[in-house]
Amino acid sequence: MTNHLYIARTLSDDAMGRAHELGLPVVVGVDEPPTRERLLADVAGATAAVVTLTERVDAEFLDAAGPNLRLVANVAVGFDNIDVAEAQRRGVAVSNTPGVLDDATADHTFAMILAVTRRVAEADRFVRSGTPWVWGPRMFVGLDLSGGTKLGVIGIGRIGRAVARRAQAFSMTVLGYDPQYEPGDRVDGVRMLSLPDLLAESDIVSVHVPLLPATRHLIDAAAIASMKDGAYVINAARGGIVDEKALIAALRSGKLAGAALDTFEGEPHVDPELLEIESVVLQPHIASAGSATRSRMCLLALDNVREVLADREPVTPVLAH
Ligand code: DGY
């Protein structure tokens, strides 16, 4: 087929309905990630491609799509699955879905903070194990969030600020690092610090930056060593931002009290060592998985398709970095 709208994964019901109103034949992949072979075959000749973070969009993909392709619309705010520079070199626009998933992602980040500090997942596993138990003053004791516990938010963009608001509602002290701001600035009640100062002062460090060459392994062995003993690391951004081997070593040694991960370096592969550690909460990349949020993400991707088909700019274009 040529001049079709290729959709790699089944979208929300409302978005699937909308896709058929855009005036192009629609080729839909499958609910599971398509094989690379199937992806390259189905995208051939497409005018626009709606993809998710499980599809790698690179020179091979763009070659397979061919010269009709005008837009790659990612159903995610992160776009490290796409070689944006290569797309733009070929005149193919790229869009993402910023702004519509901030609250859902911040909610889930906070759920992970609570789950790891108050040992929710661990205690659930304990009850399910059938181990006899009786209430005790030292049982499953975790970290109090209120009363000055310091949350360090790395990346004070939309999602980082939404996480900060939730932490403030829990009476936490919120510290921030973002290269856009100077240490000493205050942003929405967040005291901005240098990265070394944030790492040294925070009880919990949560990352909310895109995965870029500059942010790969931002939380590495040295960063972890500079953190407080007994601190926590939270990652609902992208797997490569935290050096998983260094994290595992710090959890095993007790340097870190815990971690909560929604994303993984080799996703969807999860390092088997992580599965053995009680103090880590593991999630299958679901931070944005509110039903209304997922619908908004899918519809925004299609809004971008509609604009490009009408010879206008995408609503939410991404720029090569
Ligand atoms: C994103 O949007 O980048 C998330 O990781 C998936 O919602």
Side-chain angles (χ1 to χ4, degrees), residues 1-36 38-57 61-62 64-65 68-82 84 87 92-108 158-159 162 210 236 238 262-263 267-268 283-318:
M1 184 175 295
T2 53
N3 289 318
H4 57 289
L5 168 59
Y6 173 62
I7 301 179
R9 308 283 300 275
T10 312
L11 304 178
S12 59
D13 287 347
D14 48 2
M16 291 314 298
R18 174 89 59 89
H20 290 279
E21 294 164 6
L22 289 172
L24 290 181
V26 178
V27 173
V28 186
V30 276
D31 200 25
E32 296 298 309
T35 62
R36 187 73 180 166
R38 170 90 189 265
L39 176 73
L40 299 181
D42 284 354
V43 78
T47 301
V50 177
V51 299
T52 74
L53 56 87
T54 55
E55 285 74 58
R56 200 176 70 251
V57 176
F61 176 101
L62 296 164
N68 293 338
L69 190 67
R70 295 167 66 184
L71 171 71
V72 175
N74 210 31
V75 186
V77 64
F79 49 87
D80 46 287
N81 56 311
I82 301 177
V84 179
V92 176
V94 179
S95 62
N96 64 342
T97 60
V100 295
L101 48 76
D102 307 337
D103 283 325
T105 304
D107 287 348
H108 202 82
R158 284 176 302 258
I159 296 172
R238 281 294 183 272
D262 186 45
T263 57
E267 197 174 309
Q283 301 285 286
H285 204 150
I286 55 170
S288 71
S291 71
T293 298
R294 280 291 158 85
S295 167
R296 283 195 293 269
M297 291 166 67
C298 296
L299 290 171
L300 179 52
L302 293 178
D303 287 346
N304 283 311
V305 173
R306 183 198 60 221
E307 292 304 293
V308 169
L309 293 182
D311 292 327
R312 293 187 290 261
E313 285 297 304
V315 188
T316 48
V318 304

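These numbers were taken from a predicted model, which means no experiment stands behind them.
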Would you kindly say whether [X] and [Y] are connected by a side-chain donor-acceptor distance under 3.5 Å?
{"X": "Thr35", "Y": "Arg38", "value": "no"}
{"X": "Asn68", "Y": "Thr47", "value": "no"}
{"X": "Asn74", "Y": "Thr97", "value": "no"}

Calculate, to the nearest 0.5 Å, the distance between atoms CD and CZ belonging to Glu32 and Arg9 respectively.
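So the CD of Glu32 and the CZ of Arg9 are separated by 6.5 Å.
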
At what distance, to the nearest 0.5 angstrom, does OG of Ser95 lie from CG of Leu300?
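Answer rounded to 0.5 Å: 7.0 Å.
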
Test item: [X] and [Y] side chains (from C-beta on) under 4.5 Å apart, heavy atoms:
{"X": "Val100", "Y": "Thr293", "result": "no"}
{"X": "Val75", "Y": "Val51", "result": "no"}
{"X": "Val26", "Y": "His4", "result": "no"}
{"X": "Met1", "Y": "Tyr6", "result": "no"}
{"X": "Arg36", "Y": "Glu55", "result": "no"}
{"X": "Asn304", "Y": "Val308", "result": "no"}

Between Arg306 and Asp303, is a side chain to side chain contact (heavy atoms under 4.5 Å, CB included) present by the stated rule, with each step listed?
CA-CA 5 Å; Arg306 183 198 60 221; Asp303 287 346; 3.1 Å; yes

What closest approach, in Å, do His285 and Leu53 show between heavy atoms, and which atom pair accounts for it?
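Distance-wise, the nearest heavy atoms are CE1-CD2, 3.6 Å.
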
Testing the basics here: between Ala104 and Gly290, what is the closest heavy-atom pair and its distance to 0.1 Å?
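Minimum heavy-atom separation between Ala104 and Gly290: CB-N, 4.5 Å.
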
With side chain to side chain contact (heavy atoms under 4.5 Å, CB included) as the test, would you mind laying out the steps for Arg158 and Val77 before giving the verdict?
CA-CA 11 Å; Arg158 284 176 302 258; Val77 64; 4.3 Å; yes

Are Asp311 and Arg70 within salt-bridge range, i.e. N to O under 4.0 Å?
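Looking at Asp311 and Arg70, the cut-off is met.
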
